[in-house]
K.L.:
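Submitted below is the structure of interest, expressed as structure tokens.
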Amino acid sequence: MGTENASLPSGMAAGLRIGLGEDVHALVEGRKLIVGGVEIPFEKGLLGHSDADVLAHAVADAILGAARIGDIGKLFPDTSDEWAGADSMNLLSIAASRVRDAGFQIVDVDSVLTAQRPKISPYRDQMRHNLAAAMHVDVSCVGVKATTSEHLGFEGREEGMSARAIALLQRVS
Ligand code: MG
């Protein structure tokens, strides 16, 4: 390896960045269940300062992380009344414009939701469309997968849901 050489690592030279996002919210009675911008009929919903859309939050953190401009906690503090009950599709849309303002294009995003119940597959395509629309990218650039945790852990006990997302950005300016 030519460590004396000033040439950049290939990913950096190509202006490519990756980012990882992860989020968890508790499942409680008396809340709507909103995941990927879809309201899903269920006896419990996710608890949070905003609408607690765990998938949207993971995706937002992935793109913000790839652009190295912080995270949603910094952008939308849960101490601020401004974001109380917020539609997380709006938060994701704002995050995506900050990413573009920082000089990046969102190339690709993949994600996975971990939830024991309800079954997510009927809503997957709508979630992909919602996430893509919020970020102003083509739906083919957004993946959503779902898995149970085989009844293990807090997701398996239906005490909460978690989500992970990964994003690829390209520097455009
Ligand atoms: Mg969150």
Side-chain angles (χ1 to χ4, degrees), residues 17-100 102 104 106 108-118 120 123-124 126-137 141-149 152-169:
R17 295 277 186 82
I18 58 167
L20 177 69
E22 180 163 359
D23 196 29
V24 170
H25 282 272
L27 262 178
V28 297
E29 287 174 4
R31 290 270 300 183
K32 287 179 183 173
L33 177 60
I34 296 171
V35 181
V38 180
E39 187 176 333
I40 300 173
F42 193 55
E43 67 259 30
K44 291 192 275 189
L46 295 171
L47 181 64
H49 186 66
S50 65
D51 64 6
D53 186 332
V54 67
L55 185 62
H57 294 179
V59 169
D61 264 357
I63 62 172
L64 291 169
R68 315 291 189 251
I69 53 173
D71 56 37
I72 55 170
K74 179 179 162 194
L75 221 56
F76 313 110
D78 63 9
T79 49
S80 163
D81 289 343
E82 188 180 356
W83 310 114
D87 178 345
S88 293
M89 289 298 113
N90 286 338
L91 306 188
L92 179 57
S93 183
I94 293 167
S97 41
R98 296 293 172 85
V99 165
R100 281 190 293 274
F104 291 98
I106 299 165
D108 209 54
V109 173
D110 195 19
S111 63
V112 58
L113 174 80
T114 304
Q116 194 62 43
R117 281 194 315 139
I120 298 302
Y123 310 103
R124 181 215 304 259
Q126 188 60 52
M127 291 176 182
R128 291 179 59 214
H129 275 92
N130 292 347
L131 294 166
M135 293 186 285
H136 297 288
V137 299
C141 304
V142 180
V144 171
K145 303 182 301 300
T147 184
T148 72
S149 63
L152 297 170
F154 67 87
E155 302 101 325
R157 292 189 298 268
E158 300 180 18
E159 294 167 1
M161 294 182 179
S162 65
R164 282 145 209 94
I166 189 162
L168 178 69
L169 307 186

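Please read these numbers as outputs of a predicted model, since none were measured by experiment. In each ligand, atom 1 is the first atom listed, and ligand 1 is the first ligand listed.
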K.L.:
Is the side chain of Arg128 donor-acceptor paired with the backbone N or O of Gly143 at a distance under 3.5 Å, no angle test?
P.N.:
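Here the side-chain-to-backbone pair does not exist.
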K.L.:
So, Asp78 versus His49: side-chain donor-acceptor pair below 3.5 Å or not?
P.N.:
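His49 and Asp78 do not have a side-chain donor-acceptor pair below 3.5 Å.
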K.L.:
Please check if the side chain of Asn130 supplies one atom and the backbone of Gly36 the other of a donor-acceptor pair under 3.5 Å.
P.N.:
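Checked: pair present.
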K.L.:
Could you pull out all residues at least two apart from Asp51 that satisfy side chain to side chain donor-acceptor pair (under 3.5 Å)?
P.N.:
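Only Ser88 meet the side chain to side chain donor-acceptor pair (under 3.5 Å) criterion with Asp51.
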K.L.:
If the condition is side-chain contact (heavy atoms from CB on, under 4.5 Å), which residues does Glu22 pass it with, not counting sequence neighbours?
P.N.:
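For Glu22 the side-chain contact (heavy atoms from CB on, under 4.5 Å) partners, ignoring immediate neighbours, are Arg164.
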K.L.:
Which residues and atoms, counting only protein N, O or S, are under 2.8 Å from the Mg ion (ligand 1)?
P.N.:
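Under 2.8 Å from the Mg ion (ligand 1) - ignoring waters, which are not counted - the protein N, O or S atoms are Asp23 OD2, His25 NE2, His57 ND1.
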K.L.:
Go through the structure and list residues passing side chain to side chain donor-acceptor pair (under 3.5 Å) with Asp110, not counting sequence neighbours.
P.N.:
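Asp110 satisfies side chain to side chain donor-acceptor pair (under 3.5 Å) with Lys145 once adjacent residues are dropped.
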